[in-house]
Amino acid sequence: MSTISIIGSGSMATAVAGRIAKAQHTVEVVNRDAAKARALADKLAGKATTGTYGAAPAGDIVILAVPYGSVAALVADFGDALDGKVIIDLTNPIKADMTGLATPAGSSGAQETAKILPAGVHVVKAFNTIFGHMLAKGGRLDAFIAADDTQAKARVSTLLESLGLRPLDVGALNMAHTLEALGLMMISLAKNGAGSWNIAMKAEIG
Ligand SMILES: NC(=O)c1ccc[n+]([C@@H]2O[C@H](COP(=O)([O-])OP(=O)(O)OC[C@H]3O[C@@H](n4cnc5c(N)ncnc54)[C@H](OP(=O)(O)O)[C@@H]3O)[C@@H](O)[C@H]2O)c1
């Protein structure tokens, strides 16, 4: 099994890393606060290591599990250390007042992030439509993904399958804005019609 690196050690990082560790991959946790990375690595069931913030991550797949508003600073902190990686962007670039998305019209957080990453990076949008606590519960949840690079998308699909999720390809990276809108919709649905955060989006394929 492979090494997957995750940058961040908050709620979503904990849920995703937990799922990855259970699937017997090695998780490398990286955080700007090394003690927080160590604390998460120690909590994980499987093999877990910690990496140095700003240095080249061990995994070929690197998950950015930080707020969208922090991504530009993170990318600057890592610079070329992320070159050649498949980057999973799970952020939901939602305005603080929850009224919409904080991205330029006609773009998405994933595309904006791709623009500032080194040229050899392939960005895959994934995980952003699933609540962390639902991921942690287990189950074959639908995991929508979008990416331009076919190989990167295939590698992330294989990873998602190995985690017991159902990868569903929604198209190229320009479709990430639809997944980000879906992330916002899930939050609004939880607060309104569903009346519960224990919800997950499922595509019925007839
Ligand atoms: N929570 C969910 O259910 C969920 C579901 C789908 C998508 N997401 C997305 O997942 C991302 C993370 O959400 P979360 O709920 O995990 O948030 P969180 O619990 O607040 O964790 C945020 C993490 O980002 C790190 N971070 C913040 N600013 C940083 C910076 N400038 N440089 C480096 N690291 C930084 C924090 O580090 P410190 O610990 O050092 O502060 C922390 O580890 C968000 O983009 C969110 O939209 C969340």
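Everything quoted here is computed from the prediction, not taken from an experiment. Below, each value reflects all heavy atoms present in this structure, side chains not excepted, and no hydrogens, waters or symmetry copies. Ligands are counted one by one from 1 in listed order, and the atoms in each one are counted from 1 as well.
Using a 4.0 Å heavy-atom cutoff, A65 is listed among the residues neighbouring ligand 1. Every heavy atom of L64 sits 4.0 Å or more from the atoms of ligand 1.
Less than 4.0 angstrom separates some heavy atom of K36 from each of these atoms of ligand 1: 38 (P), 39 (O), 40 (O), 41 (O). Those atoms of ligand 1 with a heavy atom of F131 less than 4.0 angstrom away are 3 (O). Every atom of ligand 1 with a heavy atom of N31 under 4.0 Å away is listed here by number and element: 37 (O), 38 (P), 39 (O), 40 (O), 43 (O). Near I130, meaning under 4.0 Å from any of its heavy atoms, are these atoms of ligand 1: 5 (C), 6 (C). Each of the following atoms of ligand 1 lies closer than 4.0 Å to a heavy atom of Y68: 45 (O). Remark: ligand 1 atoms within the under-4.0 Å shell around heavy atoms of S9 are 43 (O).
If you check which protein heavy atom lies closest to atom 33 (C) of ligand 1, you get Y53 OH, 3.4 Å. Nearest protein heavy-atom contact of atom 15 (O) of ligand 1 is S11 CB, 3.7 Å. Of all protein heavy atoms, the one closest to atom 3 (O) of ligand 1 is G132 N, 2.8 Å. Nearest non-hydrogen protein atom to atom 28 (N) of ligand 1 is S70 OG, 2.9 Å. Given atom 47 (O) of ligand 1, the protein heavy atom at minimum distance is N92 N, 3.0 Å. The protein non-hydrogen atom at the shortest distance from atom 10 (O) of ligand 1 is L90 CD1, 3.2 Å.
Within 4.0 Å of atom 17 (O) of ligand 1, not a single protein heavy atom is present. Under the 4.0 Å distance rule, the nearest protein heavy atom to atom 20 (O) of ligand 1 falls outside the cut-off.
The heavy atom nearest to atom 25 (C) of ligand 1, considering only I7, D77, V66, is found in V66. Considering each of A13, G8, P67, A34, the one bringing a non-hydrogen atom nearest atom 22 (C) of ligand 1 is P67.
Distance check: S11 OG to L135 CG gives 12.0 Å after rounding to the nearest 0.5 Å. Atom CD1 of I63 is separated from atom CD1 of I20 by 3.5 Å, given to the nearest 0.5 angstrom.
Residue-to-ligand polar distances place R32 within reach of ligand 1: an N/O pair is separated by less than 3.5 Å. Of the N or O atoms in M12, one or more lie within a sub-3.5 Å distance of an N or O in ligand 1.
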